[in-house]
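One structure is given here, and the rest of the page talks about it.
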Amino acid sequence: MLFNFNTIMNGWYLREKQFVKRSSVEVATALAGRGFTIGYGWWMGGNVAGLLLGEAFNRLTSTISLVTGTLRHSLGMLWRTISWQSMREVAIEYKDFPKYNLPASFINVLSAQLPIFALTTGFGPTPVGLYSFSVSLLELPINLIGNAILPVFWQKATETYQNEPERLSVITLSLFYKLLYMGLIPFGIITVYGDVLFKLVFGHRWEMAGLYTGYLGYYYVFKLMSLATSPIYNILSKQRYILWSNVFLLLMRGLGLAIGLLNNDLNLALLLFGLGSLVATFLIDLQVLSLLNLPVWKIALRTVLIVGVTLVILKSIRISAELLLS
């Protein structure tokens with residue numbers, strides 16, 4: 001309930017272009033929630049209840065902060081104008097949101113957690129811990145950039161579609177390429193040098209985690225780029241596409257993990273999982289861009305060429321360094 005209150009109020013602040021207020025509340029409440037969790041853990045000797053209470057405390061403080069902010073000036077107007085009739089009309093008009101977004105969100109969560117279920121069943125808890133550590137590090141820049149860019153772009157894209165729909169494709173493609181260039185080198189280095197970096201930074205025991213990170217590294221380039229395309233389905237009222245794209249991603253990931261499990265090969269499972277995630281995400285992005293009447297084949301060729309050349313250069317540097325040191 002608190003999570004959905006947060007979502008509604010975040011949407012309102014987004015609509016009002018109050019990005020600074022929204023971001024400051026998110027940062028402050030996240031710090032407060034994590035501080036509460038850590039403090040409770042120390043006080044109670046690591047009791048798992050601290051995780052749940054910390055999350056509840058985070059959501060509660062966020063809700064109170066957002067309500068008592070500038071939003072409070074609009075609450076009276078909202079209360080006076082609300083009616084069951086208008087709510088019913090809006091529910092009918094936007095029925096595709098719960099009809100498609102709810103199962104799509106469930107499938108998305110299942111897709112993200114699929115490796116944990118598969119690896120636990122096939123290879124035990126140790127690879128799951130290494131995989132989770134890898135993913136948590138890869139998600140950090142994605143979440144940081146996403147929280148900074150996505151709300152602003154979503155608001156701008158919605159406004160552009162309403163006022164100048166012909167410009168929506170321009171700003172979407174521009175952000176798509178900017179995110180590609182932003183993530184290319186950092187995630188490329190992780191892909192090629194992940195095992196070496198993890199061994200140097202975290203020690204020999206975490207070398208395999210670095211290898212797993214390498215399997216997923218370039219997928220996260222495409223995941224970063226998808227920040228530019230993810231709002232478009234909703235803006236164009238194509239919610240059913242969200243459902244089918246998430247089903248496609250789940251199938252591609254499941255196929256890769258299944259092949260690895262059947263061959264009892266952990267590395268193959270994670271490699272094919274990363275490759276399947278990359279291919280599915282890229283194809284979904286291209287499908288979104290095709291809805292905006294953009295030259296999809298040209299964009300695909302340019303993207304593959306840029307990513308491929310970067311990967312070859314980084315790999316060549318590693319091979320040359322290894323030959324010199326051997």
Side-chain angles (χ1 to χ4, degrees), residues 108 111-112 114-115 119 127 130-146 149 173 175-199 201 206-230 245 248-257 259-260 265-289 296 299-322:
N108 187 45
S111 176
L114 193 61
L119 296 181
L130 295 172
Y131 166 81
S132 299
F133 183 62
S134 303
V135 170
S136 66
L137 292 179
L138 289 168
E139 289 287 347
L140 281 174
I142 296 292
N143 292 333
L144 181 65
I145 297 169
I149 292 176
L173 187 60
L175 181 60
F176 183 82
Y177 279 132
K178 286 175 182 176
L179 292 171
L180 168 62
Y181 301 140
M182 185 185 297
L184 199 58
I185 299 301
F187 286 115
I189 291 172
I190 289 172
T191 300
V192 178
Y193 303 98
D195 54 336
V196 177
L197 292 173
F198 272 60
K199 186 178 179 180
V201 176
W206 295 98
E207 185 177 358
M208 287 305 296
L211 187 64
Y212 300 159
T213 306
Y215 293 153
L216 300 170
Y218 258 19
Y219 155 59
Y220 275 84
V221 176
F222 288 86
K223 185 173 182 178
L224 183 64
M225 291 156 57
S226 69
L227 293 176
T229 59
S230 57
S245 64
F248 177 57
L249 179 60
L250 176 64
L251 291 175
M252 290 291 286
R253 287 175 163 177
L255 179 62
L257 289 170
I259 293 172
D265 189 330
L266 174 60
N267 287 334
L268 181 63
L270 286 175
L271 177 62
L272 292 178
F273 172 80
L275 184 61
S277 300
L278 185 155
V279 171
T281 301
F282 188 37
L283 290 176
I284 292 167
D285 283 347
L286 293 178
Q287 201 269 334
V288 173
L289 296 176
V296 173
I299 295 168
L301 183 61
R302 178 179 176 180
T303 303
V304 170
L305 203 60
I306 291 171
V307 171
V309 168
T310 305
L311 186 60
V312 168
I313 292 172
L314 291 172
K315 189 68 176 178
S316 300
I317 293 171
R318 173 165 181 169
I319 293 171
S320 300
E322 288 174 346

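Note that these values count all heavy atoms, side chains included, but never hydrogens, waters or copies made by symmetry. This chain uses plain numbering: 1 for the first residue, then up along the sequence.
When all heavy atoms of Y219 and G274 are compared, the closest pair comes out as CB-O, 3.8 Å. Listed here is the closest heavy atom pair of L249 and A280: CD1-CB, 3.7 Å. When every heavy atom of R253 is checked against every heavy atom of S277, the shortest pair comes out as NE-OG, 2.8 Å.
Rounded to the nearest 0.5 angstrom, L278 CG and L272 CG are separated by 12.5 Å. Taking CG of L270 as the start and CG of L211 as the end, the distance is 8.5 Å to the nearest 0.5 Å. For the atom pair Y220 OH and I190 CD1, the distance stands at 10.5 Å (nearest 0.5 Å). Distance check, rounded to the nearest 0.5 Å: CE of M252 to CD1 of I284 gives 9.5 Å.
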(request) Show the numbers, then the answer: is there a side-chain contact (heavy atoms from CB on, under 4.5 Å) between I145 and L224? (result) CA-CA 8 Å; I145 297 169; L224 183 64; 3.9 Å; yes
Could you pull out every donor-acceptor pair under 3.5 Å between side chains of residues 178-188 and any protein atom, sequence neighbours left out?
| from | atom 1 | to | atom 2 | distance (Å) |
| --- | --- | --- | --- | --- |
| Y181 | OH | R302 | NH2 | 2.7 |

For residues 303-316, tabulate all N or O donor-acceptor pairs below 3.5 Å that involve a side-chain atom, not counting sequence neighbours.
| from | atom 1 | to | atom 2 | distance (Å) |
| --- | --- | --- | --- | --- |
| T303 | OG1 | I299 | O | 2.8 |
| T310 | OG1 | I306 | O | 2.8 |
| S316 | OG | V312 | O | 2.7 |

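For D265, the side chain to side chain contact (heavy atoms under 4.5 Å, CB included) partners at least two apart in sequence or on another chain are N263, N267, L268. With sequence neighbours excluded, the residues that form a side chain to side chain contact (heavy atoms under 4.5 Å, CB included) with A269 are L257. Residues meeting the side chain to side chain donor-acceptor pair (under 3.5 Å) test with T213, sequence neighbours left out: S134. Residues passing the side chain to side chain donor-acceptor pair (under 3.5 Å) test with Y212: none are found, sequence neighbours excluded. Residues passing the side chain to side chain contact (heavy atoms under 4.5 Å, CB included) test with L250, sequence neighbours excluded: I107, L110, S111, L114. Remark: T191 engages no residue in a side chain to side chain donor-acceptor pair (under 3.5 Å) (not counting sequence neighbours). Every residue meeting the side chain to side chain donor-acceptor pair (under 3.5 Å) condition with D195, not counting sequence neighbours, appears here in chain and number order: R318. The side chain to side chain contact (heavy atoms under 4.5 Å, CB included) test applied to T229 returns F176, S226, D285, V288, L289, not counting sequence neighbours. Contacts of F222 classified as ring-ring contact (aromatic ring centres under 6.0 Å, His included), with partners at least two apart in sequence or in another chain: F282.
Listed by first and then second residue, the salt bridge (Lys or Arg N to Asp or Glu O under 4.0 Å) pairs involving residues 267-280 amount to none (not counting sequence neighbours).
F133 and W206 have tilted rings, their planes meeting at an angle from 30° to 60° on a 0 to 90° scale.
Within the 4.5 Å cutoff, the side chain of F248 has heavy atoms near those of the L283 side chain.
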